[in-house]
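See below for the structure under consideration.
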2 protein chains.
Amino acid sequence: MIRILLADDQHLVREALAALLGLEPGIEVAGQVGRGDEVAAAVAATRPDVVLLDIEMPGGDGLTVAAGLTGVRVIILTTFGRPGYLRRAMDAGVAGYVVKDARAGELADAIRRVHAGERVFDRKLAAASLSEGANPLTGRERDVLRAATEGGTIADIARRLYLSDGTVRNYLSSAIGKLGARNRAEAARAAEAKGWL
Amino acid sequence: MIRILLADDQHLVREALAALLGLEPGIEVAGQVGRGDEVAAAVAATRPDVVLLDIEMPGGDGLTVAAGLTGVRVIILTTFGRPGYLRRAMDAGVAGYVVKDARAGELADAIRRVHAGERVFDRKLAAASLSEGANPLTGRERDVLRAATEGGTIADIARRLYLSDGTVRNYLSSAIGKLGARNRAEAARAAEAKGWL
DNA sequence: GCGCGGACCTGACGAATGTCATGGGCTGGG
DNA sequence: CCCAGCCCATGACATTCGTCAGGTCCGCGC
């Protein structure tokens, strides 16, 4: 019996996945949590074989949580097929990455293979990740761009990050250039789409 | 037996929901589709009692699809708890609105009540919808803001909508004012968060 | 220890954006 | 019929943005 811990912030989706996996022979759902910061405790309490982690959750995103887990095999299960996320997931040492529009059989298959010691990554994403190369943004450019998506003015961003206006303008300009965009809105969208945010 | 048609673009979520609802006594999943433009045909083919519609799908969003359906009772089942969506859903004549982080029991309950002729709407959203009032944006302001989220310049938006630059600037300015924002990025975010887009 | 790249800053300049005043046409309600 | 509200437009204006050219620190690898 493979014991699963489910982490997803949407209650209904979580229960639905539990119902789905419950139908699979040899797989058993040992626990469920709805927040990133509850995962570690739940792992300690239920000792699952495999953790299914969503990325976007309150209380810490799945990629960060995954990096902190030891002694369990982790599969990222998310809506977002962003190449950058896959890369970050691999860096975090996860054993699998499945997108939410995979078929039910694929998920079960991934769980069994991961439990058997294999690593399982979405094919399309893996290809996209290779063809696109690494994130071209520097750390600071990422910070500024992230703050820019919030919608504030340059002065707001500067205050939030304790930088001067001119510096913020420069980082934005550089990020815009690297991403082939024409303004920050476009740059932010492009970076987000690739999971570089 | 209440017969359900499921419409959701994420395969895994769809199958998971089907598994979940399959466990409920008196409820049966009669069919599944993954695109908005396949719903009408599937309704004709499977004659369900209740349709569960996601909002964001390829091939036409759930709210538009719902407005075109007759002879079935529709429940919107979505991630997005945006007051404006609820209002539009009611205008489209749907019988229920459930968010994806409801409990499994709530969904089954909503299905049974809707099938019995009641209308079931998420309480929190209904309250938010009342307290926030109606969408203050005019049709054109919405169009322009929507185009602005794409990230282009004013000239781009003007070309896409066959308007003059000045007109676009005016609509944006007016939308920014109505939404209490300080630039279009902020305005776009605000409008999107409320489902006014 | 020298070079390199990243973080941080300044100042200046043109282009894009947001605001305002103003006006015309069109539609639906009183 | 007249008014209110939306749609579309013009032009002028101040502000904000995006770009560019510089410059100072610091850590790292060779």
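Between the CD1 atom of Ile157(A) and the P atom of dC8(C) there is a distance of 15 Å, given to the nearest Å. Taking atom OH of residue Tyr171(B) and atom P of nucleotide dT10(D), one finds them 13 Å apart after rounding to whole Å.
A heavy atom closer than 4.0 Å to some atom of DNA chain D occurs in Thr138(B), Gly139(B), Arg140(B), these being the qualifying members of residues 134-146 of chain B.
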Could you run down nucleotides 15-23 of chain D 5' to 3' and tag each one B, S or - for protein heavy-atom contact under 4.0 Å? --SBBBB--
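Under the 3.5 Å distance criterion, the side-chain polar atoms of Glu186(B) are matched with a main-chain donor or acceptor of Arg182(B). In this structure, the side chain of Arg103(B) does not engage the main chain of His11(A) through any donor-acceptor pair within 3.5 Å.
Remark: Arg160(B) does not engage Asp156(B) in a salt bridge, criterion side-chain N to carboxylate O under 4.0 Å. Salt-bridge formation is detected for the pair Arg146(A)/Asp143(A): a Lys NZ or Arg NE/NH1/NH2 atom is positioned less than 4.0 Å from an Asp or Glu carboxylate oxygen. Look at Lys100(B) and Asp54(B) and you find a salt bridge, because one of the NZ, NE, NH1 or NH2 atoms lies within 4.0 Å of a carboxylate O, short of that distance.
For the helix from dG1(C)-dC30(D) to dG30(C)-dC1(D), the axis fitted to the five pairs at one end and the axis fitted to the five pairs at the other end meet at an angle of 40° (nearest 10 degrees).
Remark: Arg35(A) CZ is packed, more than 12 non-hydrogen atoms of other residues, nucleotides or ligands lying under 6.0 Å away.
With contacts defined as side-chain heavy-atom distances shorter than 4.5 Å, the pair Glu24(B)/Leu107(B) does not qualify. At a threshold of 4.5 Å between non-hydrogen side-chain atoms, the residues Ile55(A) and Arg88(A) do not count as touching. Contact annotation: the side chain of Leu197(B) never approaches that of Leu137(B) to less than 4.5 Å [non-hydrogen atoms, C-beta and beyond].
Note on Ser164(A): a side-chain N or O is less than 4.0 Å away from OP1 or OP2 of dT10(C).
Arg73(B) approaches Ala95(B) most closely through the heavy-atom pair NH2-CB, 3.7 Å.
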